[in-house]
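Before any comments, here is the structure.
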There are 2 protein chains.
Amino acid sequence: MTRAALNRDAYVEAALEVIAEVGVDKLSMRNVASRLSVSPMAMYKHFPTKDDLLAASLEAFIARASVVPDDTLPWERWVEQAARGMYEALCRELSWVPLLGSLPVGQQAIAVTDAFVTKLCEAGFTLEQSLQAYFAVIQVVVGAVCLRSSLDARTTAAADSANQTRSATRGEGRSNTGGPGIPGELQSFLKRDQITIGLPMIIDALKAQLEEART
Amino acid sequence: MTRAALNRDAYVEAALEVIAEVGVDKLSMRNVASRLSVSPMAMYKHFPTKDDLLAASLEAFIARASVVPDDTLPWERWVEQAARGMYEALCRELSWVPLLGSLPVGQQAIAVTDAFVTKLCEAGFTLEQSLQAYFAVIQVVVGAVCLRSSLDARTTAAADSANQTRSATRGEGRSNTGGPGIPGELQSFLKRDQITIGLPMIIDALKAQLEEART
DNA sequence: ACCTGAACACCGTTCAAGT
DNA sequence: ACCTGAACACCGTTCAAGT
């Protein structure tokens, strides 16, 4: 007996490790396989395509982020926490961001949607409003992470000249040498926690919606 | 005389053509070069790296989108039009979306920021508020385009079985076979023009801010 | 059922060389 | 200054073959 046969989960696990080390953009069938000391072709029995591996890995990533807040919270706090949870999970692994729009929506993502809509319907919103609210929040979260990721790329590029060893192993991709062109006020503004900007606006708008329905 | 020497603009032009035909994700140094019947290595004199070519192409794309609305509009309409302009430009070339967060912020992007902040400051917002508003709008636009792009991938994937010729030349990337798992209500909700969801919430919140400052 | 090795058609980028 | 050709170290994926 050479070794226990590898299953889907083992590959997803290895993929998540590779992603944590070098980022989604540098994951390859070959480096995931070599982490398991296996031929790259072994994976094609479980994942017909690299995208299938990525989709399964994203599912696992979402599942582990456990982004659904405590059900006893009032809806405003619940929504805020859910949004922050998504935002922070994505900030921990910024390299997912570019794929968010192109990978299929999986079961885990649908479960989060369900929880969100259910919570808001219980709070008195219509199903229509709840869905709108969900997408508005997702939009703000994704947008905030994009801005954050854009800032991140710029600061690590600046740090690259000083410290090259770490950035060589972690990379995170692009060079982003556009720093000089950005006005100072904009620079410092980007340093803020991006989610604090759009989210309160959304929540205020939702409160107004609920108020209006009551009268 | 063999041929007029190629300059940066010629390469950017060719890159935009390649992007229009096969999408940003399938642009390569080699296919841009071959469109100009030139060795791939010729480009490295003008663009030290593929990312430099992409950044220059994005600048040109933004410049051509001409997203800054008529200055005589009241600020609410101005903001709405600017946001729609960005949204529609990006929807025309969805393949830019994944790179938005990782490419450097260029002069064109800064010009748009400036116009936006100036307009809102004139309308009575503080500089701080104007910047916040700008980023909130950007967040919503990017988020909306991401959702739109996610929907697009799904419907073209479904159309692929029926009509393979066009999708083979345009591609747009990923397979996205997650259709079956998505509830019908969610499906039909995604068909809406995504920007109509979050944007009004942001504008309402901004109106409230201005109202509050006046009292 | 699961894995391997060799091969194909691609990448970005470097380097030495040409005009 | 601008361009070329060959080469290096990678990709995703296919295919025929092994256990």
Side-chain angles (χ1 to χ4, degrees), chain A residues 1-15 18-19 21-57 95 98-99 102-103 160 164 167-169 171-177, chain B residues 1-15 18-19 21-57 95 98-99 102-103 160 168-169 171-177:
Chain A
M1 168 237 230
T2 54
R3 200 233 335 270
L6 294 168
N7 55 17
R8 266 181 72 97
D9 288 344
Y11 289 111
V12 168
E13 191 59 46
V18 168
I19 288 166
E21 277 170 32
V22 299
V24 175
D25 38 309
K26 259 151 206 140
L27 175 141
S28 74
M29 297 301 264
R30 282 170 158 95
N31 61 13
V32 172
S34 85
R35 170 171 290 262
L36 295 168
S37 310
V38 112
S39 152
M41 303 313 119
M43 311 174 70
Y44 283 85
K45 269 277 125 72
H46 302 279
F47 307 94
T49 220
K50 186 190 175 183
D51 276 356
D52 293 293
L53 173 62
L54 283 177
S57 305
S95 61
L99 296 190
S102 50
L103 247 28
D160 272 5
Q164 264 155 344
S167 58
T169 60
E172 196 64 34
R174 294 152 199 296
S175 51
N176 229 334
T177 48
Chain B
M1 168 232 225
T2 55
R3 200 235 331 272
L6 293 168
N7 55 17
R8 267 180 73 98
D9 288 344
Y11 289 111
V12 168
E13 192 59 45
V18 168
I19 289 167
E21 278 171 31
V22 300
V24 175
D25 37 309
K26 260 150 205 141
L27 175 141
S28 74
M29 297 301 263
R30 282 169 158 96
N31 59 15
V32 172
S34 86
R35 169 171 291 260
L36 296 168
S37 310
V38 112
S39 151
M41 302 314 120
M43 312 175 68
Y44 282 84
K45 267 278 125 75
H46 301 279
F47 307 94
T49 220
K50 186 190 177 185
D51 275 357
D52 293 293
L53 174 62
L54 283 177
S57 304
S95 61
L99 296 190
S102 48
L103 247 28
D160 273 4
T169 61
E172 196 65 34
R174 291 151 202 298
S175 50
N176 228 335
T177 49

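To find a chain, count down the sequence lines: A is the first, B the second, and so on, and within it residues start at 1. None of these values were measured; they are calculated from a predicted model. Hydrogens, waters and symmetry mates play no part in the numbers below; they use all other heavy atoms, side chains included.
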**Contact pattern, 5' to 3', of nucleotides 12-19 of chain C - B, S or - by protein heavy atom under 4.0 Å** = BBB-----
**Request:** Please name the pair of heavy atoms, one in Leu36(A) and one in Ala10(A), separated by the smallest distance, quoted to 0.1 Å.
**Result:** CD1-O, 4.0 Å
**Asked** Under 3.5 Å, is there a donor-acceptor pair between the side chain of Asn31(B) and the main chain of Lys26(B)?
**Response** yes
**Asked** Nearest 0.5 Å, what's the NZ-CE distance between Lys45(A) and Met43(A)?
**Response** 14.0 Å
**Item:** His46(A) side, atom NE2; Tyr11(A) side, atom OH - distance, nearest 0.5 Å
**Value:** 4.5 Å
**Asked** Got a sec, which residues hit side-chain contact (heavy atoms from CB on, under 4.5 Å) with Ser34(A), two or more places apart in sequence or on another chain?
**Response** none
**Check: Asp52(A)/Thr49(A) side-chain N/O donor and acceptor closer than 3.5 Å** = no
**Asked** For the pair made of CZ in Arg8(B) and P in dA1(D), what is the distance, rounded to whole Å?
**Response** 17 Å
**Message:** Strictly below 4.0 Å: does Tyr11(A) bring a side-chain N or O up to OP1 or OP2 of dC2(C)?
**Reply:** no
**Message:** Distance check needed: dC11(C) C1' versus Leu54(B) CG, whole Å only.
**Reply:** 14 Å
**Spacing between Met43(B) atom CE and dA1(D) atom C1', to the nearest angstrom** = 17 Å
**Prompt:** So how far is it from Met29(A) CE to Tyr44(A) OH, rounded to the nearest 0.5 Å?
**Reply:** 4.0 Å
**Prompt:** Does His46(B) place a side-chain N or O at less than 4.0 Å from the phosphate oxygens OP1/OP2 of dA1(D)?
**Reply:** no
**Asked** Can you check whether Leu27(B) reaches Lys50(B) side chain to side chain, under 4.5 Å on heavy atoms?
**Response** yes
**Request:** Any chance you could encode DNA chain D as dot-bracket? Rule is Watson-Crick or G-U wobble with both distances under 3.5 Å; [ ] for pairs crossing earlier ones, | for another strand.
**Result:** ||.|||||...|||||.||
**Message:** In this structure, how many angstroms lie between the P atom of dC2(C) and the CG atom of Asn7(A), rounded?
**Reply:** 9 Å
